[in-house]
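Shown next, in C-alpha cells, is the structure this report addresses.
Ligands are counted one by one from 1 in listed order, and the atoms in each one are counted from 1 as well.
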Amino acid sequence: MSVYLDYAATSPLDPRVLAAMLPYLEQQFGNPSSLHGAGRQARAAIDVAREQVLSLFKAAAAQVIFTASGTEANNLALKGLVREGDHLVVSAIEHPAILETCLALERHGARVTRVLPDSSGLVEPEALAAACTSATRLVSVMAANNVVGTLQPLAALAQVAHEYGSLFHTDAVQACGKIPIDMEAHEIDLLSLSAHKFYGPKGVGALLVRKGIDLAPLVHGGGQEGGYRAGTENVAGIVGLGQAAALAASEQSTDAARLVGLRDTLIDHVLRGIPGAYLLGHRFKRLPGHACFGFAGQEGGAMRVLLDLDRLGFAISSGSACSSRHMGEPSYVLMAMGYDAIRARGSLRISLGRFTKTEDIAALLDALPAVVGQLTPLLRRPTPSLQGVTS
Ligand code: PLP
C-alpha cells in the first residue's frame, strides 16, 4: 500500500495536464520565436496558457512572465525591483526562495525588515504597518505558509503596503489552485506561482506583474517573455501550467470543499484521540488540504514517526524542515511563531490533494496512534465518529 500525503512538497501530474502537454513534446516541437507554422503553433499554445493563468487570478491588468520555478519567480520579483538603499519588508516565515534572496539583496545594500507573525502564523496588518516607512519599496508576504498552512489576509496587507507607497508581492506557490486569489480585488501588484504544486509539471512557474511596473530582468538574452526572461520557452511545461490553471479555475472550489472535510476529520481525530497532540498553524484560516501537528513530550521522535510511517507506505513530511537537507534542525517558521527549539524541532506535516481518498485518511488514522506510541487506532475508539469524511 502506498498513500501519498505530501502534496505541499509536490503534487502528481493530473492526467489531463499530461495529455495537454504530450503533443508539445512530440509532433509540435517548434520554437515559439520561429516565424514558420511550427513556430507560430508553439507561440499560440503559449498565448493560450498565458490567458489561462491570467484568468485563474482574475488578473486582466497583469502580464505573465513564465519562469523555470516558483523560486525563480520570487527572485525576479525581489531582485527586479529592489535596488541599493531600498527598503524591503517581508514576513519572517517566508520560504527560503524569499529569505535567501533578501540576504543576497542585503549584501548589495538593500535594507530588509522581517515581520514576526502571531502564534498561529498570521501576519497582522498592524505588525506590517509598524515595519513600513515611506522608503519601503516592496512588501512581500506569502499567501499561504508551506509549513503550517496558515493563510494570510492578503487584501489587508496589500492595503497597508500601498498606504506607505510600496508595491505588494505575494508568493502564492502554496496557495495557487487551492484557494481563490483575485489579483485585482486584493490589489496585489506581483504574484509568484509554480506548476508542480497544483498538478502541473515541475520546472515551470510564473511571475504575474501588474502592467506598468518597471522590473529589471534577471536573465538577459534573446528577448523572450517581453524581455523580462530570456531563453527559449519550455513550451510543453508552459502548456501544462496553463492546463493546470484552467482545471483549477473550474475545480478548485469543489476540490477545496472535499479536502476541508477530510482535513477537519483528520484534525479532529488526531487532536481528540492522541493525548498531547496539538495543531500548528491557524485552526480555520489554513489551506484546505493542510494539517501540521506536534505531539507534546514526543517532539524528539518526529523523525522516527515519519520514517515509521514511510515504512508502512505513508509519504508525509516533517513540518520542521523544508527539505531533508535540514532534517533535525528546529524550524525557523515555528520559532518565529513563538515555539521553543524543542517544539520547533518535532512536527509532522500531512498535506492532502485532488487524488486523496477517504480510505487514505482512514488508513492513516489507523496507523498513526501506534506509530506515535499510542496503542489503540483512532478509528476503533468510541469518539469522534468519521462524520465529515465524504469521498
Ligand atoms: N514558495 C513556497 C511557499 C514554496 O512552498 C515553494 C516550494 O516548496 C517555493 C516557493 C519554491 O517553488 P519551486 O519548487 O517551484 O521552486
Side-chain angles (χ1 to χ4, degrees), residues 4-13 17 53 64-79 90-104 114 117 121-123 140-152 154 157 169-179 181 188 190-208 218-219 229 234 237-238 240-241 244-245 248 280-281 286-292 315-327 331-334 336-337 347 349-353:
Y4 186 78
L5 293 171
D6 199 12
Y7 279 78
T10 195
S11 60
L13 200 61
V17 172
V53 171
V64 181
I65 305 168
F66 288 114
T67 62
S69 62
T71 298
E72 187 192 327
N74 283 339
N75 270 263
L76 179 57
L78 270 57
K79 293 178 183 163
V90 300
S91 87
I93 58 169
E94 296 297 307
H95 188 272
I98 294 288
L99 294 179
E100 291 294 319
T101 305
C102 287
L103 291 175
R114 296 158 182 87
L122 262 178
V123 178
S140 179
V141 179
M142 66 206 319
N145 181 262
N146 48 303
V147 176
V148 293
T150 300
L151 304 176
Q152 301 299 345
L154 292 182
L157 297 173
H169 165 254
T170 189
D171 171 352
V173 168
Q174 284 293 333
C176 58
K178 318 270 177 58
I179 55 164
I181 298 182
I188 296 166
L190 303 104
L191 179 150
S192 302
L193 61 103
S194 179
H196 75 98
K197 303 286 187 183
F198 68 120
Y199 319 109
K202 293 170 185 59
V204 57
L207 180 67
L208 274 57
L218 293 185
V219 183
R229 204 272 183 179
N234 170 8
I238 289 171
L241 170 54
L280 293 155
R286 61 187 309 119
L287 285 168
H290 195 119
C292 189
I316 63 165
S317 260
S318 158
S320 317
C322 79
S323 83
S324 52
R325 284 185 292 281
H326 300 281
M327 247 165 62
S331 152
Y332 67 86
V333 171
L334 298 181
M337 287 163 58
S347 55
R349 181 182 74 182
I350 302 171
S351 48
L352 291 49

Q.
Any side-chain to backbone donor/acceptor pair from His290 onto Val147? Under 3.5 Å, distance only.
A. yes

Q: Using modelled atom types only, decide if a donor and an acceptor are shared between the side chain of Asn234 and the backbone of Val204 within a distance under 3.5 Å.
A: no

Q | Polar contact flag, side-chain donor to acceptor under 3.5 angstrom, Ser69-Glu72 | A | no

Q. For ligand 1, which atoms sit closer than 4.0 Å to a heavy atom of Ser194?
A. 13 (P), 15 (O)

Q: For residues Val148 and Gly281, report the shortest heavy-atom separation together with the two atoms involved.
A: CB-CA, 3.8 Å

Q: Number the atoms of ligand 1 from 1 as they appear, then name those within less than 4.0 Å of a heavy atom of His196, with their elements.
A: 13 (P), 14 (O), 15 (O)

Q) Identify the closest protein heavy atom to atom 13 (P) of ligand 1: which residue and atom is it, and at what distance? A) Gly70 N, 3.6 Å

Q | Within-cut-off N or O pair, Ala8 and ligand 1, under 3.5 Å | A | no

Q.
Would Ser11 and Lys197 count as a side-chain hydrogen bond (donor to acceptor under 3.5 Å, both in side chains) here? Give the steps.
A. CA-CA 5 Å; Ser11 60; Lys197 303 286 187 183; over 6 Å; no

Q.
Would Asn146 count as a polar contact of ligand 1, with the cut-off being nitrogen or oxygen pairs under 3.5 Å?
A. no

(Q) Among all the protein's non-hydrogen atoms, which is closest to atom 4 (C) of ligand 1, and how far away is it? (A) His95 CD2, 3.2 Å

Q) Where is the nearest protein heavy atom to atom 10 (C) of ligand 1: which residue, which atom, and how far? A) Asp171 OD2, 3.5 Å

Q) Please state which protein non-hydrogen atom is closest to atom 5 (O) of ligand 1 and give its distance, to 0.1 Å? A) Gln174 NE2, 2.8 Å

Q.
Do Leu99 and Tyr332 have side chains that approach each other closer than 4.5 Å (heavy atoms only, starting at C-beta)?
A. yes

Q | Smallest separation among heavy atoms of Asn146 and Ala8, with atom names | A | O-CB, 4.4 Å

Q.
I'd like to know whether ligand 1 has Lys202 as a neighbour, heavy-atom separation below 4.0 Å.
A. no

Q: May I ask you to list the atoms of ligand 1 that are less than 4.0 angstrom from any heavy atom of Thr71?
A: 11 (C), 12 (O), 13 (P), 16 (O)

Q) For ligand 1, which atoms, with element, lie under 4.0 Å from some heavy atom of Lys197? A) 6 (C), 7 (C), 8 (O)

**Q.** Atoms in ligand 1 with a heavy atom of Met142 nearer than 4.0 Å
**A.** 3 (C)

Q) Near Ser69, which atoms of ligand 1 are under 4.0 Å from a heavy atom of that residue? A) 15 (O), 16 (O)

Q) Mind checking whether Tyr7 and Phe198 have side chains closer than 4.5 Å, heavy atoms only? A) no

Q.
Using modelled atom types and a 3.5 Å cut-off, is there a donor and acceptor pairing between side-chain atoms of Gln152 and backbone atoms of Leu122?
A. no

